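Shown next, in structure tokens, is the structure this report addresses.
Model, not experiment: these values are computed from the prediction. Just follow the structure's listing: the first ligand is 1, and inside any ligand the first atom is 1. In what follows, every heavy atom counts, from backbone to side chain, and hydrogens, waters and symmetry copies are set aside.
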Amino acid sequence: MAGVQTAVELRGQGWRGGITLLGDEPHPPYDRPPLSKAVLLGAPGSDPVDVRFDVDFGALDVELRLGERAETLRAETHELVTDRGTVPYDRLVLATGAYALELPGTECLPGVHPLRTLDDAVALRPVLEARQRVVVVGAGWIGAEFATAARQAGCEVTVVEAAPRPLAGVLPASVTAHMRDWYDEAGVELRTGTPVAALEPGVVVLADGSRLAAGAVVVGIGARPATRWLAGSAVALDPAGAVLADDRLRTTAEHVYAVGDCASVPSARYGRRLLIHHWDNAMQGPRTAAANVNGGDEQYDPVPYFWSEQFGRFVQYAGHHSEDDTMVTRGDPAGPAWSVLWLRDGLLVALLAVGRPRDMAQARKLITRSAALDPVAAADPAVPLKSVAR
Ligand SMILES: Cc1cc2nc3c(=O)[nH]c(=O)nc-3n(C[C@H](O)[C@H](O)[C@H](O)COP(=O)(O)OP(=O)(O)OC[C@H]3O[C@@H](n4cnc5c(N)ncnc54)[C@H](O)[C@@H]3O)c2cc1C
């Protein structure tokens, strides 16, 4: 996404030089969000949903080199070494995304699936078609979306989560308590506070000794920046492996930029570095990177935004909150549509919307301009958010 967007933006912003887009996957560039949704549910025997980006690389005069892996960066000589040879550059934009974490020791076990790539999603379609019994490891966004699709296909599904609740690292217990009910309603068994101890053929063994039969195991325990190939280069990485970009999306190597899931950026808005693994960031960052590659001096300080479709609900989150922020609930979280917002010193910093896209549309603007909100009025779901901004 971020690589394609960078090429599109560069041309759109008047870059006249050659553009080469390298990617190690064999497929033409494609969109990932449908992989945990529509792609899984294609009719038996049908082609997977077409997820290719609608971009004419020939018309943009972009050389697309697929199935080619970058292996070493020689920033001193402005060269990228790939598995096919050496590629010189004047400017380089890193957009290698992230890879899905695996359960240690399970990398080669049959029947254990990650869900990151088109190939991963296509490999999971027969599991759903055969209505196999599935154990999903991880009650995060991907785990919840896969569980939704698997239930829709008629699979028996158990989701196991090491933390005491779903999305424990992201949302407070008072919010996730309601999400737990979504699993129940969908007929998905959710087992929290139970890490996986071992995987045996056809069985997931939990730390409490329980043994869960599994025709297939889907692992959704997070992703890490795909940057191992940059270790030892002039591009500095943080301990989590993210490229340390500055607020112009420049890396520590001259004329090398970074966008999307592979890089963290310092956020002036939130006073901390953010590593954002969302579609919108891979869409927006390239606009700034392209401007700066083109000689501009633009700052990148986004309001992070993402959405998830799970258990028949459209969930959206914008901004960034911390435990110390004041939380205000709009509507009844036991119902189908409600929001939660977070205020810091009276200013709106984040919003979670479940089935309330209008709240989200208004909140994104309010968060962007750090609007002050009346917390009492904001708690009334009948009152538009924009009308309670001070
Ligand atoms: C299943 C799934 C569902 C998602 N759903 C949502 C959603 O509903 N909402 C949302 O906001 N976000 C969603 N996301 C997140 C969103 O898709 C990502 O944030 C976005 O794809 C990031 O784009 P990117 O270009 O940075 O990385 P990627 O899309 O990961 O692209 C990076 C590419 O670089 C390639 N690459 C890696 N290393 C090398 C190398 N050394 N040499 C050459 N090529 C390399 C990779 O193979 C990959 O093709 C989802 C992600 C997944 C996996």
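Ligand 1 has at least one atom lying under 4.0 Å from a heavy atom of Lys37. Using a 4.0 Å cutoff on heavy atoms, Ala95 counts as a contact of ligand 1. The closest approach between any non-hydrogen atom of Glu68 and ligand 1 is below 4.0 Å.
Heavy-atom proximity to Ala98, at under 4.0 Å, picks out these atoms of ligand 1: 30 (O). Against a heavy-atom cut-off of under 4.0 Å, Gly260 is close to the following atoms of ligand 1: 26 (O). The Ala282 neighbourhood of ligand 1 comprises atoms 22 (C), 23 (O), with distances under 4.0 Å to a heavy atom of that residue.
The shortest N or O to N or O distance between Tyr305 and ligand 1 is not under 3.5 Å. Considering backbone and side-chain atoms alike, Asp24 places an N or O below 3.5 Å from some N or O of ligand 1. Taking only nitrogen or oxygen atoms, main chain and side chain alike, Ser36 does not reach within less than 3.5 Å of ligand 1. Taking distance alone, with nitrogen or oxygen atoms compared against 3.5 Å, Ala2 approaches ligand 1 more closely than that limit. Note: no N/O pair closer than 3.5 Å links Phe306 and ligand 1 by distance alone.
Summarising the geometry of Tyr30 relative to Leu35, their closest heavy-atom pair is CE1-CD1, 3.9 Å, with the distance given to 0.1 Å. Annotation for Asn292 and Tyr257: closest pair O-OH, 3.5 Å, computed over non-hydrogen atoms.
Annotation: the span from Thr96 atom OG1 to Leu22 atom CG amounts to 11.5 Å, rounded to 0.5 Å.
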*Would you check, one step at a time, whether the test side chain to side chain contact (heavy atoms under 4.5 Å, CB included) holds for Val188 with Thr158?*
CA-CA 6 Å; Val188 174; Thr158 302; over 6 Å; no
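No hydrogens or angles considered: nothing links the side chains of Tyr300 and Gln284 as a donor-acceptor pair under 3.5 Å. Donor-acceptor pairing under 3.5 Å is recorded for the side chains of Glu145 and Ser308.
Contacts with ligand 1 closer than 4.0 Å are made by side-chain heavy atoms of Ile142 only, the backbone lying farther away. Contacts between Trp307 and ligand 1, counted as non-hydrogen atom pairs separated by less than 4.0 Å, involve both the backbone and the side chain. With a 4.0 Å heavy-atom cut-off, ligand 1 is reached by no atom of Ala100.
Closest to atom 26 (O) of ligand 1, if we only count protein heavy atoms, is Asp261 N, 2.8 Å.
Within the set His27, Arg32, His277, the minimum heavy-atom distance to atom 15 (C) of ligand 1 is found for His277. Among Trp279, Phe146, Tyr317, Trp229, the residue whose heavy atom lies closest to atom 16 (C) of ligand 1 is Trp279.
For Tyr305 and Trp279, the distance between ring centers is not under 6.0 angstrom.
Relative orientation of the His255 and His78 rings is perpendicular, given thresholds of 30° and 60° on the angle between their planes.
Taking the charged nitrogens against the carboxylate oxygens, Arg151 and Glu156 have no contact shorter than 4.0 Å, which rules out a salt bridge.
Side chain of Arg11 to backbone of Trp15: a donor-acceptor contact under 3.5 angstrom is found.
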